[in-house]
Undergrad: 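Would you mind keeping the following structure in view while I ask a few things?
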Amino acid sequence: MEWGVRHCPGWLEPLFVGGWSVVFFLVCAPQRRALVRNLRAMFPDRPPWAAWVGAFRVVWNFAWTLTDATRAGGGQDIIDWRIEGLGAFRELAASEGGGIVLTAHMGNYDLAAPVFAGRFGRRLNAVRAPEREAELQRHYEGRRKGQESEAFSVRYNAGGGMLGVELAALLAAGELVALQGDRVLFDVSPATGCLFGGEVRLPKGPFALAMASGAPVWPMFIIRDGWRRYRVRVCEPFEMRGARGERTRVMRDGIATWCAELEEVLRDSWFQWFVFEEVFTGGRGGGR
Amino acid sequence: MRADEVFDGTPRSATFWWIAKLASAGGAPPRPGVEGELPAARRGSGVETYALSSLAGLALLGVAVRWMEAPLGGWAWLFAVPGAFVLLHIFGFSWVGLGELAQRAGLLPPPARASFHGVGTGASLALAGLLSGAPLAYPWLAFVVVEALAWPLRKIWQITDEEGA
């Protein structure tokens, strides 16, 4: 399919993307239901049909980001990039020492990292969850290997419990670590946060790492603005430091800060939040 | 047309508002050399892509309905969209496959491959529209005819201009 995408005439792309979005929307019932439930939890005042239309929009945008990533991954320079929050971006580039870049499953996170990694003056280590299928994992691993450089590398959260130690060592060595803080996959330890007034499950790892290392956390979002156009939104950093007895409060405040940034972005760009599992746990007004 | 409103270099009109919205929301394109902006070398035009895609989609629908009308009668309309989607793959992948073979045989240089796929798919779609007499395919036929006439004319003008200079 990747081969087909790379060689498809550009003017046929919208037809292919539209058609396959409909196919996946109809076939992937559990993912569709999860999207609808998430959207209903985010926007309870909207009519039920709006969640269904919204779920299709998520699938449509996801298909576009995969298409763009395939073309760009094949060496085609077809994507416009713009940075929002240039002050914070400059601050991140000029900072020294380790730092955590906290991202969400939005836009083209796979593609932005190798494009911008060279501007940070130190290596950016992107951490990813492995694909569910072993064959798909081998395929993507091979493709991502081609994107690696002195400024950028990919690490997989494959279990075994040693990744945290490895990442803490990288931070101590002054490198950057990019993690995703919005989706709990496999046996990742969950934490609870609050989005749109509802309780959500988030991965605990990035926040525990920030506390253990004392490295600043830079929320960063990749947003698809339109046809082959993306925006990198860099937010002000926050730290998760505190005395030994304050760990619970520090963790709670850090998660709350991240949730506030994420919610602000999702309010405008909810249709490209590529989380295909139910994240809302049912409770309202959580925050621990 | 409200010429005072310009969107991604394209004047906004009621007709193109939706196409422009789908094609490139997000304001003005990035400028080269400006910090924080990184324009693509070969992004192309979103409006053009969506406009061509819409025309091609109509042509495919027309051909699919015409081809299914004989065995299915009025039911052909019910299966028009999936039928057109199947046709899209047949046309698209046939030319991509032919391009691959031609390139491996050394008959097609890699830079010409995209044009080869585009021209091949477009022409076969136009031919299918013409043979089936599908009214929905006529805008696409008109497009292909205009392109076929305009391209050599443009080349002639270019050569004349270069000689004049």
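Below, chain A is the first sequence line, B the second, and so on; all start at residue 1.
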Undergrad: Non-hydrogen atoms of chain B under 4.5 Å away: do they reach the side chain of A:Arg119, the backbone, both or neither?
TA: side chain
Undergrad: How far apart are the C-alpha atoms of A:Arg122 and A:Glu175, what are their side-chain angles, what is the distance that settles it, and do they pass the salt bridge (Lys or Arg N to Asp or Glu O under 4.0 Å) test?
TA: CA-CA 6 Å; A:Arg122 59 238 204 247; A:Glu175 296 190 10; over 6 Å; no
Undergrad: Parallel under 30°, tilted from 30 to 60°, perpendicular over 60°: which one fits the rings of B:Trp140 and B:Phe143?
TA: tilted
Undergrad: Identify which part of B:Leu55 has an atom lying under 4.5 Å from any heavy atom of chain A, answering side chain, backbone, both or neither.
TA: neither
Undergrad: Chain B heavy atoms under 4.5 Å from A:Arg90: which part of the residue, side chain, backbone, both or neither?
TA: side chain
Undergrad: Taking B:Leu88, B:Thr121, B:Val81, B:Leu52 one by one, which has the highest count of heavy-atom pairs under 4.5 Å against chain A?
TA: B:Leu88
Undergrad: Given a strict heavy-atom distance threshold of 4.5 Å, which part of B:Arg113 is in contact with chain A: side chain, backbone, both, or neither?
TA: side chain
Undergrad: Please classify the contact between A:Val23 and chain B as side chain, backbone, both or neither, with a heavy-atom cut-off of under 4.5 Å.
TA: side chain
Undergrad: Determine whether A:Gln272 and A:Arg57 make a side-chain contact, defined as any pair of heavy atoms from C-beta on separated by less than 4.5 Å.
TA: no
Undergrad: Is A:Glu84 close to chain B through its backbone or its side chain, or both, or neither, when contacts mean heavy atoms under 4.5 Å?
TA: neither
Undergrad: Minimum heavy-atom separation for A:Arg40 to A:Pro48, with atom names?
TA: NH2-CB, 3.5 Å
Undergrad: Under 4.5 Å heavy-atom distance to chain B, tell me which part of A:Trp20 shows up: side chain, backbone, both or neither.
TA: both
Undergrad: Heavy-atom cut-off 4.5 Å, strictly under: side chain, backbone, both or neither for A:Ile79 against chain B?
TA: backbone
Undergrad: Can A:Arg233 and A:Glu264 be counted as an ion pair, charged N to O under 4.0 angstrom?
TA: yes
Undergrad: Heavy atoms only, distances under 4.5 angstrom: which of A:Gly85, A:Pro14, A:Pro9, A:Gly18 has the most pairs with chain B? Name it, please.
TA: A:Pro14
Undergrad: Sub-3.5 Å donor-acceptor pair from the side chain of A:Arg32 to the main-chain atoms of A:Leu26, do we have one?
TA: yes
Undergrad: Any ion pair linking B:Glu69 and B:Arg66 (charged N to carboxylate O, less than 4.0 Å)?
TA: yes
